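None of the values given here were measured: they were computed from a predicted structure. Keep in mind that the numbers below use all heavy atoms, side chains included, and drop hydrogens, waters and symmetry copies. Residues take their numbers from the sequence shown, with the count starting at 1. Whatever order the structure lists ligands and atoms in, that order sets their numbers, starting from 1.
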Amino acid sequence: MCQQAPQGAPFATFSRGTLIFFAVVQVIGLKWVLQHLQNSGFVEVPPWVPFIDRSNCGLYKPLEYIVTSRKVITPDGTFPAAVHVKEGRIVDVKAVNGKASQSNLTHAAMLTFGIKHILDYEDLVVAPGLIDTHVHMDQPGRTNWEGMETATRAAAAGGITTVIDMPLNNEPTTTTSRLVEQKIWASWGELMVDTGFWGGIVPDNAGHHNTLQSMVDAGVLGFKSFMIPSGINDFPNVGEEDIRKALPFLKQAGVPYYVHAELQLDESSPGECSGDEADPTQHATWLASRPPKMEYDAIKLLIRLLDEDKTPAEPGFTLHVAHLANADALPMIEAAKKKGLPITVETCTHYLTFSAESVPEGATWFKCAPPLRAKANQDKLWEAVKAGKIDGVASDHSPCPPDMKEMESGNFMKAWGGIAGLQYGLPGTWNGMRKRGMKPEDLTRLWSTHAAKLAGMQHRKGALAAGMDADIVVWNPDGLADTSLEHLKQRWNVTPYEDLELYGQVYATFVRGHLVYSLADDVSKSVCGKTVLKQHL
Ligand SMILES: NC(=O)N[C@H]1NC(=O)NC1=O
Ligand SMILES: [Zn+2]
Ligand SMILES: [Zn+2]
C-alpha cells in the first residue's frame, strides 16, 4: 500500500535546528558569492552590504600604492621608476632618481606621488606579468588531469598574470558558444590569475561562420585547431578544406588562428612508423615516430593556404604556429612574413630547456608533441629567439594523471603526450637567455608584449604604462627558482623541471593590483583572478 503524502504544514518535518542550519549556510554562501564578485571586480558590492572585505584581494591590502625598483621595464626602456597602482590599474609610471640609496628611492617615490604605501623592490626587476597563451587546464570534465584552481596557482607562483586556456582537453571540448559559456561557468571561484579562452575549430564547425561568430560573442579570444589527431576524441583534426573554410571568417573577425602544425606523412597513424621492434622505453623511439618533416609539411601547407586566401585580414588576425620544435621550418616562416603574410610563431619553454639527448630511459614525463629534438636543433631555436625570429614563448602546459604518463612501464609510445611546466616559464626561458647574454627585456618581449598582442589584449595587458591593468611580476635574474616538488602548485607532482637548477626567481606577482603570490607568503588563499573575454577588450 502506498501512503498518502501528508497535507499542509510543509515545514513541520524540519526541526528548528535544521532551519537555522540552512539559514546560516545560505548567509555564508551569499557572503562567499558577494566576496568573489567584489574580488573579481565583476561587480562593486554596495557599501551598505555588511561583512564584505573591500580592500585589495590577496596578500597586500592597500588599494593604492607604489611599486618601485631600479629596474622597471617600461615600453620606454628600463630605468629606476615608481609604478603608481590604484584600484587594479596603473595610474602612472614615473622615473625616480636611480643613483639614490634605497631609502632615497622610497623617499623619492613618496615625494613624487605623495602616497604612503610603498613597496620598494630595490634592484629586482619589475616587469609586466607574463601571459601564457598556451595552457591546457582541462576543466570542466578532466579536472582530475589538472584544473583551473591548481593551474592558476602554479601560474601565480611562476609570475604569470594571465593564462589563455586551450579548447581541449576539457570534456566536452570548447567548440560551440554553449560550451564556451560552460567554460566560463566552470571558472567561477577557481581563478588565481586572469584567464582567457581559445575556442576550437574542428571539421564540424569550420565552415559554420555563425557558430564561430557566436563563440566570439560568448568571449573567446581566437581559435585553435590541430592538423593531426589531438589525442582527444571529440577534438578531431582539421584538413586542408576545413582550414580553407575557416580562414575568411578568422580574417574578417580579426582573431588569431592557433594551429598545432604537424601533418601525418602517410596513411599510417603517428607512432607506427618507427617499427614494432623499436624499444618503447627510449625517447628516441618516440622522436623517430614524429620526424621534423611532419612540422615542416604542415607549416608549408598553412603558408600556402594563407597565401591563396585573398580575404583582407582585419588587425588582430594572425596564423599562429603553436609550439615550434623544428628550427628548420623557420626560414620558411620568415619568408612568408617578408611577403607580408600574417603569420607568427611560438616555441615552448621545454624545447628551449631540454633536448632529446638529455631524456633518460623511461622518463615519459619528457614526452610531448612535437617531440623534444636534438641539441643542435635547440641551438638553432635559441639563435632564432635571440634574433627575434620567434615571436613568443609559451608553456603548452598539458598534464595528466601519473598513470596516464605510464610512469611504471616507462613506455613512451603509450604515455600521454604533454609536458607539465606552467610554473617554470619564467626560469625555464630566462636560464637559457642569461647564458646567452640576453636581457630581462627580451623575456618581457616574448612572454608579455607579444603574448598580449596575440590575444588582442595589448591595450589592457602586457606593459607597465598608464591605464593598463596592474599585472606585475617582480623577479630576480640572479636568484635560483624553487623547483622542488614542495613548491609545485599544479595538480600532479610530475614535471621534467623537478629540482632543475634554473635562474629566474619570482618574488612577487600582482594581478590587477592584487598580490597573489609572494616568495615570503606563497600563493594567496583568496581567489583574485577574473575571466578576460573578447567583449571586455
Ligand atoms: N592534447 C594536448 O594537450 N596535446 C598537447 N600535448 C603536447 O605535447 N602537444 C600538444 O599539442
Ligand atoms: Zn599542440
Ligand atoms: Zn597544446
Side-chain angles (χ1 to χ4, degrees), residues 132-139 141-147 151 163-175 196-202 222-238 256-264 270-271 283 286-287 289-290 294-295 298-299 302 319-326 329 345-354 356 359 363-373 392-401 404-406 412-422 425 451 454 490-492 494-497:
D132 192 342
T133 58
H134 194 152
V135 181
H136 298 265
M137 299 207 283
D138 307 342
Q139 190 176 345
R142 286 201 183 86
T143 317
N144 187 38
W145 292 24
E146 178 57 289
V163 296
I164 322 238
D165 184 41
M166 282 294 168
L168 71 163
N169 316 316
N170 44 290
E171 190 177 20
T173 54
T174 317
T175 51
F197 305 103
W198 302 120
I201 291 184
V202 290
F223 292 86
K224 162 80 178 286
S225 284
F226 271 67
M227 294 173 81
I228 193 164
S230 70
I232 297 290
N233 290 339
D234 70 332
F235 202 90
N237 61 285
V238 292
Y257 192 26
Y258 222 116
V259 186
H260 179 125
E262 279 184 294
L263 209 54
Q264 231 151 274
H283 180 265
W286 168 240
L287 178 61
S289 75
R290 308 283 280 223
M294 290 173 68
E295 286 186 76
I299 296 167
L302 286 172
L319 194 149
H320 188 69
V321 177
H323 50 47
L324 183 87
N326 173 13
V345 58
E346 92 190 1
T347 191
C348 295
T349 330
H350 42 265
Y351 300 119
L352 297 173
T353 307
F354 309 108
V359 181
T364 50
W365 46 97
F366 287 87
K367 177 179 174 179
C368 58
L372 299 172
R373 302 201 183 281
V393 184
S395 70
D396 192 10
H397 179 70
S398 182
C400 68
M404 287 185 64
K405 253 331 202 182
E406 294 283 331
F412 277 96
M413 305 312 283
K414 284 196 185 149
W416 171 256
I419 282 182
L422 172 61
L454 174 66
Q490 64 184 41
R491 180 122 175 44
W492 296 104
V494 180
T495 172
Y497 295 91

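Using a 4.0 Å cutoff on heavy atoms, Lys367 does not count as a contact of ligand 1. The shortest separation from a heavy atom of Gly231 to ligand 1 is not under 4.0 Å, leaving the residue out of contact. The closest approach between a heavy atom of Phe226 and any atom of ligand 1 is below 4.0 Å.
The shortest contact between atom 1 (N) of ligand 1 and any protein heavy atom is with Asn169 OD1, 2.9 Å. Nearest to atom 7 (C) of ligand 1 among the protein's heavy atoms is Gly417 O, 3.4 Å. When only non-hydrogen protein atoms are considered, atom 3 (O) of ligand 1 lies nearest to Ser398 OG, 2.7 Å. Ala369 N, 2.8 Å is the protein heavy atom nearest to atom 8 (O) of ligand 1.
Between the CZ atom in Arg491 and the CG atom in Asn144 there is a gap of 5.0 Å [rounded to 0.5 Å]. In this structure, CG in Leu168 is found 8.5 Å from CZ in Arg142, a value given to the nearest 0.5 Å. We find the OG1-NE2 distance between Thr349 and His323 to be 12.5 Å, quoted to the nearest 0.5 Å.
Using a 4.0 Å cut-off to heavy atoms of Leu168, the atoms of ligand 1 that qualify are 1 (N). Interface atoms of ligand 1 facing His136, defined by a heavy-atom separation under 4.0 Å, are 2 (C), 3 (O). Which parts of ligand 1 touch Gly418 is read off a 4.0 Å heavy-atom cut-off, strictly below it: atoms 6 (N), 7 (C), 8 (O). Taking every non-hydrogen atom of His260 and a distance limit under 4.0 Å, the qualifying atoms of ligand 1 come out as 10 (C), 11 (O). Atoms of ligand 1 found under 4.0 Å from any heavy atom of Ser230 (numbered from 1 in listed order, with element): 1 (N).
Considering backbone and side-chain N/O atoms, Trp416 never comes within less than 3.5 Å of an N/O atom of ligand 1. The shortest N or O to N or O distance between Pro370 and ligand 1 is not below 3.5 Å.
When each of Phe412, Trp286, Phe354, Tyr497 is paired with Phe366, the ring-ring contact (aromatic ring centres under 6.0 Å, His included) condition holds for Phe354 and for no other.
Ser395 places a side-chain heavy atom less than 4.5 Å from the side chain of Val135. Proximity of His397 to Val163: side-chain heavy atoms (C-beta onward) are nowhere separated by under 4.5 Å.
Between Trp145 and Ile232, the shortest heavy-atom distance links the atoms CH2-CD1, 4.2 Å. Smallest separation of non-hydrogen atoms from Lys405 and Thr364: O-OG1, 2.5 Å. For the residue pair Glu146 and Pro399, the shortest heavy atom distance occurs at OE2-CG, 3.6 Å.
No side-chain donor from either of Asn170 and His136 sits under 3.5 Å from a side-chain acceptor of the other.
Judged purely by atom type and a 3.5 angstrom limit, Tyr351 uses its side chain to pair as donor or acceptor with the backbone of Pro370.
With the Zn ion (ligand 3) as the vertex, atom NE2 of His134 and atom OD1 of Asp396 span an angle of 80° (nearest 10 degrees).
At a heavy-atom cutoff of 4.0 Å, ligand 1 is contacted by both the backbone and the side chain of Cys368. In His323, the part holding a heavy atom less than 4.0 Å from any atom of ligand 1 is the side chain.
Of all the N, O or S atoms in His260, the one closest to the Zn ion (ligand 2) is ND1.
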